Protein chains: 2
Amino acid sequence: MLFRLNPQAGQPLYLQLMQQIRHAVDTGVLRQGDQLPGIRTLSEEIVVSHTTVAKAYAELEHEGLLEIRHGSGAFVAARSGGKSRSEKLRSAQERVHALVETLRQERFTAEEISRLFEAELFYPAQARSRGDE
Amino acid sequence: MLFRLNPQAGQPLYLQLMQQIRHAVDTGVLRQGDQLPGIRTLSEEIVVSHTTVAKAYAELEHEGLLEIRHGSGAFVAARSGGKSRSEKLRSAQERVHALVETLRQERFTAEEISRLFEAELFYPAQARSRGDE
DNA sequence: TGAACTGTACTGGTGTTAGCGTACAGTAGG
DNA sequence: CCTACTGTACGCTAACACCAGTACAGTTCA
C-alpha cells in the first residue's frame with residue numbers, strides 16, 4: 001500500500017488521501033475487512049500529521065467506506081462496494097447541482113451546460129487546450 | 001433600481017449584488033450604456049461598505065458586463081452579452097473539467113456522469129430531494 | 001482652480017478551514 | 001495490571017475570503 005500526497009496540488013491533503021484510499025478499495029488493493037495502517041504509521045510514511053490521516057479516516061467512515069474501532073484500528077467496511085455507492089452518488093449529485101446552479105446564474109442555458117459536459121466527457125483532449133487566466 | 005441584500009443568506013454580499021445587477025441587465029431594467037449608481041450612493045441604499053459595491057462592480061467589469069471609468073462612473077458595457085462570453089466560457093470549462101475529473105476518480109463512468117448532469121439540467125426538481133448535512 | 005462628484009488602494013478586523021502537536025481514551029496481549 | 005498499540009479531543013497557527021474604514025486619485029463643471 002503506497003500513498004503519495006502532493007502539498008502543492010492545491011487540494012487539501014486529507015482529501016487527496018481519501019481519494020487514494022477510495023481508489024485502493026475500488027481496485028481491490030484493499031478488500032472488505034482489511035485493516036488499514038495505523039494513523040501514525042501512515043502519517044510517517046506520507047509525511048503529514050497523524051491528525052490529518054485521522055481526519056481522512058473519519059470522513060471515509062462517515063461515507064461508509066471504512067469502519068473505525070477506537071483502540072483497534074480502521075477497516076474496510078463490509079458493504080463498502082454497495083453501501084458507499086449511494087453515499088457517493090448523493091455527494092456527486094450535490095456537487096453537480098451546485099455547479100449547474102452556478103452556471104445557470106451566469107446565464108448559461110441548459111443546452112450550453114449540457115454541451116460543456118459532453119465535450120468534457122467524450123472529448124476530453126479537445127476540451128482541455130489552454131492555461132489558466 | 002432597487003437592490004436588496006441579505007447578510008444571512010450565506011452568500012457573500014458582493015456576489016448577491018453581482019447577481020442582481022446581472023439580472024437587471026438581463027431583464028432590461030438596465031440597458032447598454034446606462035450609468036449605474038455611484039458606489040457610495042448604492043452602498044448607503046443597501047447598507048454595506050462602498051468597497052463592497054466597488055468589488056461587485058470590479059468583478060462585473062472583469063466579466064465584461066460593465067465598463068468602469070475612474071472618476072466618471074460605472075456603465076453597462078456596449079456588448080454586454082457578447083464580449084464577456086468567451087471569458088465566462090473558459091471559466092465554466094475549467095470548473096466542469098475539475099468536477100468531471102473528480103467524479104471519474106470516484107469511479108463514475110462517463111454515462112453515469114452524463115446522467116447526473118442531465119437529471120440536474122432537465123429534471124432539477126427530482127434531483128433535489130434532501131437537505132444539507 | 002477648486003469643489004463635488006466619480007472609482008481605487010491600502011490596512012485591519014473577523015470568521016473559516018487546513019494542518020499540526022499535545023494530551024487523552026479505548027483495546028489487546030504479555 | 002501494565003505496556004504498547006489503536007483512534008479521539010482539544011488548542012494553536014497560518015492562510016484565506018469577506019467586509020469595513022480611511023486615504024488617495026481621476027473627472028467634471030462652475
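From a predicted model like this one, the values you see are computed outputs, not experimental measurements.
- Note on B/Val29 and B/Phe75: separate hydrophobic clusters, where clusters join Ile, Leu, Val, Met, Phe, Trp and Tyr whose side-chain heavy atoms are under 4.5 Å apart, directly or indirectly.
- One can place NE2 of A/His70 at 9 Å from P of D/dG7, the figure rounded to the nearest angstrom.
- Residue B/Pro12 places its side chain closer to D/dC18 than to any other of D/dC18, D/dA20, C/dT22.
- Put simply, A/Lys55 has no side-chain N or O that comes within less than 4.0 Å of OP1 or OP2 on C/dG19.
- Within the 4.5 Å cutoff, the side chain of B/Arg95 has heavy atoms near those of the A/Thr102 side chain.
- To the nearest angstrom, C1' of D/dC18 lies 16 Å from CG of B/Asn6.
- You'll find the side chain of B/Leu17 reaches within 4.5 Å of the side chain of B/Leu42, heavy atoms only.
- In this entry the distance linking CD1 of A/Ile68 with C1' of C/dA25 reads 15 Å, nearest Å.
- Between the C1' atom of D/dC19 and the CD atom of B/Gln11 lies a distance of 15 Å, rounded to the nearest Å.
- The CG-C1' distance, from B/Leu15 to D/dC18, rounds to 10 Å in whole Å.
- Contact annotation: A/Tyr14 side-chain N/O to C/dA18 OP1/OP2 distance is under 4.0 Å.
- Atom C1' of nucleotide C/dC5 and atom NE2 of B/His50 are separated by 14 Å, given to the nearest angstrom.
- The residue A/Thr51 sits close to a base: some heavy atom pair falls under 4.0 Å.
- Using a 4.0 Å heavy-atom criterion, one finds that B/Ala58 contacts no nucleic acid atom at all.
- Whole-Å rounding puts the A/Leu36 CG to D/dT6 P distance at 12 Å.
- Between A/Glu59 atom CD and D/dT8 atom C1' there is a gap of 15 Å when expressed in whole angstrom units.
- Considering only side-chain N and O atoms, B/Ser72 lies under 4.0 angstrom from the phosphate OP1 or OP2 of D/dT28.
- Counting heavy atoms from C-beta outward, A/Val96 and B/Leu103 have side chains that approach closer than 4.5 Å.
- For A/Leu5 against A/Gln20, the heavy-atom pair with the smallest separation is CD2-NE2, 3.9 Å.
- At the heavy-atom level, B/Ser43 lies nowhere under 4.0 Å from the strands shown.
- In this structure, of D/dT22, D/dG7, C/dG7, it is C/dG7 that holds the atom nearest to the side chain of B/Ile39.
- The base of D/dG7 is paired with the side chain of A/Arg40 by a donor and an acceptor separated by under 3.5 Å.
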